[in-house]
Student: 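Here's a structure for you.
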Amino acid sequence: FNFNFSYVNKYLIRGKSGKGKSTLAKILCGEISPNKGEILLNGENIKDFDYRDYILYVDQKPNIIDGNLEENINFYRKKRDKKIDLSVFNIDKKLSDKISRNEGLSGGEMMRISILRSLIEKRPIMIYDEPIAALDWENSKEVLEKLLSLDQTVIIISHKIDEKILNKFDEIIDM
């Protein structure tokens with residue numbers, strides 16, 4: 001794989017299951033190293049600096065902790081924003097509501113919480129792995145419109161994108 005991503009552009013990486021989309025996402029964000037070659041950010045190998053200041057990765061398996069909704073949105077984040085707008089992604093809960101991975105949350109709710117968490121402390125490059133896989137059509141549309149409106153480089157990994165949304169991407173990469 002050899003590709004140059006441009007700042008503030010929106011990319012869709014799509015393909016069938018098992019084609020390496022998630023592996024590519026983990027390589028791009030520095031979570032794993034490529035077998036050969038290198039990942040350059042502004043001409044520098046991401047191994048040579050703390051790339052986490054520049055790249056944010058949202059895994060397809062959301063991390064939810066036992067606690068309240070606000071703690072889940074803010075965990076591992078330096079910034080604590082008291083103005084969290086839950087209506088952005090139709091999260092029908094209060095910030096003080098107790099939640100846990102094993103009780104009372106659908107896969108779609110967990111993913112929306114994870115995506116909302118990513119918007120608290122944005123990075124120049126935002127990578128989302130299967131952000132709409134567990135969402136219905138209406139929530140998928142809202143989430144994608146929000147992500148595609150960001151002023152960052154956005155890379156979305158997905159096997160399921162509505163044809164009406166495809167024209168909102170600057171580039172589509174098929175795997």
Side-chain angles (χ1 to χ4, degrees), residues 5 7-8 10-13 17 21-33 39 41 46-47 49-161 165 168:
F5 293 93
Y7 186 64
V8 187
K10 310 303 180 245
Y11 298 92
L12 170 63
I13 299 175
S17 295
K21 298 180 307 293
S22 293
T23 300
L24 177 59
K26 290 176 182 183
I27 290 171
L28 290 174
C29 75
E31 190 173 298
I32 59 176
S33 296
I39 306 298
L41 180 61
I46 63 171
K47 291 179 185 178
F49 61 95
D50 192 355
Y51 56 85
R52 292 171 295 183
D53 291 336
Y54 301 94
I55 303 170
L56 186 138
Y57 171 62
V58 176
D59 196 297
Q60 62 181 300
K61 297 172 187 149
N63 291 316
I64 300 296
I65 58 171
D66 291 341
N68 67 35
L69 181 55
E70 184 173 20
E71 291 166 338
N72 268 278
I73 292 170
N74 283 322
F75 92 110
Y76 297 122
R77 301 292 181 257
K78 297 172 193 165
K79 183 177 177 183
R80 301 290 186 236
D81 189 348
K82 296 296 179 192
K83 298 175 188 171
I84 297 169
D85 184 4
L86 298 176
S87 67
V88 170
F89 294 132
N90 296 319
I91 297 173
D92 191 25
K93 298 193 179 309
K94 292 182 273 187
L95 288 172
S96 60
D97 285 353
K98 296 287 182 195
I99 62 173
S100 108
R101 180 172 192 79
N102 299 320
E103 294 179 25
L105 290 176
S106 70
E109 286 175 312
M110 288 190 283
M111 182 52 78
R112 288 191 312 250
I113 290 167
S114 186
I115 293 169
L116 184 57
R117 178 187 302 145
S118 77
L119 301 177
I120 299 290
E121 194 176 350
K122 299 174 193 153
R123 304 291 194 302
I125 302 168
M126 310 280 281
I127 302 173
Y128 295 90
D129 190 0
E130 297 289 359
I132 60 169
L135 300 179
D136 58 66
W137 185 85
E138 193 60 39
N139 280 310
S140 293
K141 183 179 170 216
E142 285 187 41
V143 165
L144 285 173
E145 285 179 4
K146 178 65 177 174
L147 297 180
L148 293 172
S149 73
L150 296 174
D151 288 333
Q152 284 79 15
T153 299
V154 176
I155 301 169
I156 295 177
I157 313 291
S158 184
H159 68 278
K160 157 187 141 171
I161 296 285
I165 304 286
K168 295 186 180 196

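Keep in mind it's a predicted model, so treat the numbers as computed, not measured.
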Student: List the atom of V58, the atom of S114, and the distance in Å for their closest heavy-atom pair.
Tutor: CG1-OG, 3.5 Å
Student: If you compare all heavy atoms of I99 against all heavy atoms of L69, which two are closest, and at what distance to 0.1 Å?
Tutor: CD1-CD1, 3.8 Å
Student: For K168, give me all partners under salt bridge (Lys or Arg N to Asp or Glu O under 4.0 Å), at least two apart in sequence or on another chain.
Tutor: E145
Student: Indicate the atoms forming the closest heavy-atom contact of I157 with P131, along with that distance.
Tutor: O-CD, 3.6 Å
Student: Provide the full list of side-chain hydrogen bond (donor to acceptor under 3.5 Å, both in side chains) pairs with a residue in residues 128-138, sequence neighbours left out, each pair given once.
Tutor: S22-D129, Y57-D129, Q60-D129, S118-Y128, E130-H159, D136-N139, W137-D162
Student: Applying ring-ring contact (aromatic ring centres under 6.0 Å, His included), name anything that partners Y54, two or more places apart in sequence or on another chain.
Tutor: F49
Student: Decide side chain to side chain contact (heavy atoms under 4.5 Å, CB included) for I46 and L28; before the verdict, give the C-alpha distance in whole Å, the side-chain angles of both, and the deciding distance to 0.1 Å.
Tutor: CA-CA 9 Å; I46 63 171; L28 290 174; over 6 Å; no
Student: Would a distance-only check, ignoring hydrogens and angles, find a side-chain to backbone donor-acceptor pair under 3.5 Å from K122 to L56?
Tutor: no
Student: Quick one: list whatever passes salt bridge (Lys or Arg N to Asp or Glu O under 4.0 Å) with D92, sequence neighbours left out.
Tutor: none
Student: At their closest point, which heavy atom of I125 faces which heavy atom of L41, and how far apart are they?
Tutor: CD1-CD1, 3.4 Å
Student: Taking atom CZ of R52 and atom CZ of R123, what is their separation to the nearest 0.5 Å?
Tutor: 9.5 Å
Student: Show your reasoning for whether side chain to side chain contact (heavy atoms under 4.5 Å, CB included) applies to I64 and R117.
Tutor: CA-CA 11 Å; I64 300 296; R117 178 187 302 145; 4.1 Å; yes
Student: K146 versus V143: any side-chain heavy-atom pair under 4.5 Å?
Tutor: no
Student: Which atom names give the shortest non-hydrogen contact between T153 and Y11, and what distance separates them?
Tutor: CG2-CE1, 4.1 Å
Student: Quick check for you: to the nearest 0.5 Å, what is the distance between I55 atom CD1 and I39 atom CD1?
Tutor: 8.5 Å
Student: Can you tell if the side chain of I132 reaches within under 4.5 Å of the side chain of I156, non-hydrogen atoms only?
Tutor: no
Student: Could you work out, with side chain to side chain contact (heavy atoms under 4.5 Å, CB included) as the rule, every residue matching S33, not counting sequence neighbours?
Tutor: K47
Student: Quick one: side chain to side chain contact (heavy atoms under 4.5 Å, CB included) partners of E109, sequence neighbours excluded?
Tutor: K93, L105, S106, R112
Student: Given side chain to side chain contact (heavy atoms under 4.5 Å, CB included), test E70 with I73 step by step and report yes or no.
Tutor: CA-CA 5 Å; E70 184 173 20; I73 292 170; 5.8 Å; no
Student: Partners of D66 by side chain to side chain contact (heavy atoms under 4.5 Å, CB included), sequence neighbours excluded?
Tutor: S100
Student: Which is it for N68 and E71 under the side chain to side chain contact (heavy atoms under 4.5 Å, CB included) test, yes or no, and what are the steps along the way?
Tutor: CA-CA 5 Å; N68 67 35; E71 291 166 338; 3.3 Å; yes
Student: Would you say that K26 contacts D59 through its side chain, given a criterion of any heavy-atom pair below 4.5 Å between the two side chains?
Tutor: yes
Student: Go through the structure and list residues passing side-chain hydrogen bond (donor to acceptor under 3.5 Å, both in side chains) with N102, not counting sequence neighbours.
Tutor: none
Student: Given side chains that start at C-beta, do those of I113 and F89 come closer than 4.5 Å, heavy atoms only?
Tutor: no
Student: K10 and L148: which non-hydrogen atoms are nearest, and at how many Å?
Tutor: CE-O, 3.2 Å
